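Please read the structure below before turning to the comments.
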Amino acid sequence: MVKRSFGLPTRNIYLGLACLSLTLHLVLAFFCLSVLQTVCVLPSSLSSSSSVTGINAQHHQPFSSPASTSHKPPTSSVKDETHTVDPILTHLKGKDSWNVTFEKEKKLIAVEKLIPEVRGPDALEALFNHPLYNLPQPELQEDDWLLKLKESKDVTDKGSEEESEEEALDDSQWQSASQEEGYDRATWTSDTTTHPPWLRFHLGITRWELYNRKDPTLVQLTHYLATQQILGAVQKTGGTQLKLIMSFPNYGQALLKPMRQSRDAETDVNLFYFSDFERHNAEIAAFHLDRILGFNRIPPVVGRLINVTTEIREITTDHRLSRTFFTSPVGNVCFYGQCEYYCSTEHPLCGRPHELEVSLAAMLPDLELAPRRSWRSPWRRAYSRTKLAQWEKDPVYCDTVKQTPPYNQGTRLVDLIDMAVLDYLMGNMDRHHYETFEKFGNETFLLHLDNGRGFGRHSRDEPSILAPLQQCCRIRRSTLLRLRLLSRSGFRLSDMMRTSLAQDPLAAVAPLLSELHLSALDRRLATVLQMVQTCQNQHDDVIYHDTEGYDKEYDQQPD
């Protein structure tokens, strides 16, 4: 009886203590949950962009997940960010001198800062406002301009008074006297604001770049190419496939490449690189890719819908071209021109029934005004179905190249490697020659012309295009830093390309690159970064330091 009388109060006490403990645990749990939510939830502008602290440089692992191939930039979770490991940082761990260099590079590409998530054109603007796209350039000297206007005061006194008057450049000499239909009497003066966009583009070419990305002339020129009335069309001589030279008011010209196949059509795996079609959308995409990489070495290109009847057939003075027009059995107006490949009735270019998609590239200055020198690429392919080029058989081929002018000094070798990176990203195997402006000698940039055989395959990458980088293990520091920046979620290359290409007029018809091609860009960029890392594991002198002396300035960038 005694035990029973003590059992009831004791049990009540235990139950009360248990209830109190449970209540305290619940209160503590609610408090911790509210604190964690406050600490862990980032502002919406930063939540998806803090993953910039890592590089995914695995060869077979694309940067874009299936979800990231939509038109919206991918969003990274906080969980993913905490497990992201930078393989380059891991490689440099324990090496004090390299750690210092890497810390400077991190500051230069703002790795230590959270990049706010931006979408659409704002993302592209944020990229171009980054310090890596605004590196200081050498001060331009008089000889660094390709062309310049000659003023009266520049005329020497060597000739007679009469000759000096003829040579002097006054406003009246800029007035066109042409009375041809469509060519209005121009009133150009020495004031550049009166010049048409194509002339301002020509006058803006310097030793270091084909155009200044911040120059409003670039936007005006692409608008000019996309909207101006077409006054003439003739076939361009040379080349293996059909190209036309189109003429506009104010004597502007553009190089036309027509649409031959749909954007989604991949190159037949059984075709050799020199037998492939050229693509109009590849020319457009190459210009945008070159600009996003910060090279500025491809002339501006824009897409346009033209009427093959009224804008080619009825205005052409090229009899060879006019004889190749016909009407297909379904009523489409077609033509095929004359060239080495694909110029026959079996490979016609047809409107629907009159409209045809084309790319229009701004023409460079006339060769008489600005001669160009053509260089055979050391890594040129054999253009044979059975033979291999020397670089494909000799693993130390670059040692020979490094001892050969002009690759034995200056920036020519890293310029060529820049071009190889560009070609690899777009899958272009057809880079047999490149050009430079003769006036600038060997101290100038390379022109990245003729990119129509890019973006042919998205399902297969061609590692041989990267032979210059793999064999020489040399790359510009500014190029490498921009590539690293474009591998991060805040400025992912595929997202930047999607945004940039959406500004082209033909994007209203259909995206200029499919999502599979955009995804391939991220995958190939990872391969390039992995190859550079491999080079750094094996060699010391990999980076060409073209940003030397600017680190201190970027270290002081405001947060």
Side-chain angles (χ1 to χ4, degrees), residues 55-76 119-120 123-124 127 257 259-273 275-293 301 303 357 359 420-430 451-466 483 486-531:
I55 298 177
N56 181 0
Q58 297 299 321
H59 177 67
H60 296 291
Q61 180 65 34
F63 279 81
S64 293
S65 63
S68 69
T69 58
S70 65
H71 285 277
K72 295 182 179 180
T75 303
S76 302
R119 300 173 183 269
L124 199 61
L127 177 72
K257 288 191 177 181
M259 179 179 183
R260 283 192 174 274
Q261 56 189 344
S262 68
R263 293 167 171 75
D264 298 327
E266 274 204 283
T267 299
D268 189 329
V269 293
N270 294 310
L271 279 181
F272 287 92
Y273 51 88
S275 302
D276 192 14
F277 284 122
E278 291 189 348
R279 295 169 179 78
H280 72 303
N281 62 313
E283 291 286 355
I284 301 167
F287 162 64
H288 287 261
L289 178 60
D290 179 84
R291 189 168 63 113
I292 287 173
L293 293 175
V301 186
E357 286 189 25
S359 67
V421 170
L422 172 74
D423 285 335
Y424 176 72
L425 291 175
M426 61 183 178
N428 178 27
M429 300 172 65
D430 189 35
N451 305 287
R453 285 197 170 119
F455 297 103
R457 295 192 185 111
H458 53 70
S459 58
R460 182 178 182 275
D461 304 335
E462 183 50 57
S464 65
I465 302 175
L466 281 180
L483 293 176
L486 291 167
S487 71
R488 305 182 187 278
S489 61
F491 294 124
R492 197 184 302 273
L493 178 57
S494 57
D495 294 335
M496 297 299 100
M497 279 291 287
R498 184 186 297 108
T499 300
S500 187
L501 289 171
Q503 301 171 3
D504 189 88
L506 284 185
V509 179
L512 284 157
L513 287 182
S514 69
E515 289 298 323
L516 292 173
H517 276 298
L518 293 173
S519 209
L521 284 172
D522 292 331
R523 182 180 70 241
R524 292 166 185 167
L525 176 56
T527 302
V528 175
L529 292 174
Q530 181 65 43
M531 185 172 290

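Just so it is clear, the structure is predicted and the values come from calculations on it, not from any experiment.
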Nearest atoms (heavy-atom pairs only) where Asn281 meets Leu513: ND2-CD2, 4.2 Å
Shortest non-hydrogen contact between Ala282 and Gly454, atoms and distance: CB-O, 3.3 Å
Arg279 side-chain N/O to Arg453 backbone N/O, donor-acceptor pair under 3.5 Å: no
Spacing of CZ belonging to Arg523 relative to CG belonging to Leu493, to within rounding of 0.5 Å: 12.5 Å
Flag, side chain of Glu283 to backbone of Asn451, donor-acceptor distance under 3.5 Å: yes
Distance-minimising heavy-atom pair for Ala285 and Leu501: CA-CD2, 3.8 Å
SB check Arg460 Glu266 (cutoff 4.0 Å): no
Minimum heavy-atom distance between Phe491 and Leu127, given as atom pair plus value: CE2-N, 3.7 Å
From CD1 (Ile465) to CG (Asp423), nearest 0.5 Å: 6.5 Å
Straight-line distance of Leu425 CG to Thr527 OG1, nearest 0.5 Å: 9.5 Å
Which atom of His458 lies closest to which atom of Ser514, heavy atoms considered: CD2-OG, 4.5 Å
Verdict with supporting geometry, Leu422 and Met426, side chain to side chain contact (heavy atoms under 4.5 Å, CB included): CA-CA 7 Å; Leu422 172 74; Met426 61 183 178; 4.1 Å; yes
Worked verdict on Val421 versus Met531 for side chain to side chain contact (heavy atoms under 4.5 Å, CB included): CA-CA 11 Å; Val421 170; Met531 185 172 290; over 6 Å; no
Between Ser500 and His288: side-chain donor-acceptor atoms closer than 3.5 Å: yes
Shortest non-hydrogen contact from Leu506 toward Arg263: O-NH2, 3.8 Å
Derivation and outcome, salt bridge (charged side-chain N to carboxylate O under 4.0 Å, His left out), residues Glu515 and Arg498: CA-CA 9 Å; Glu515 289 298 323; Arg498 184 186 297 108; 2.8 Å; yes
Partners meeting salt bridge (Lys or Arg N to Asp or Glu O under 4.0 Å) with Arg260 (sequence neighbours left out): none
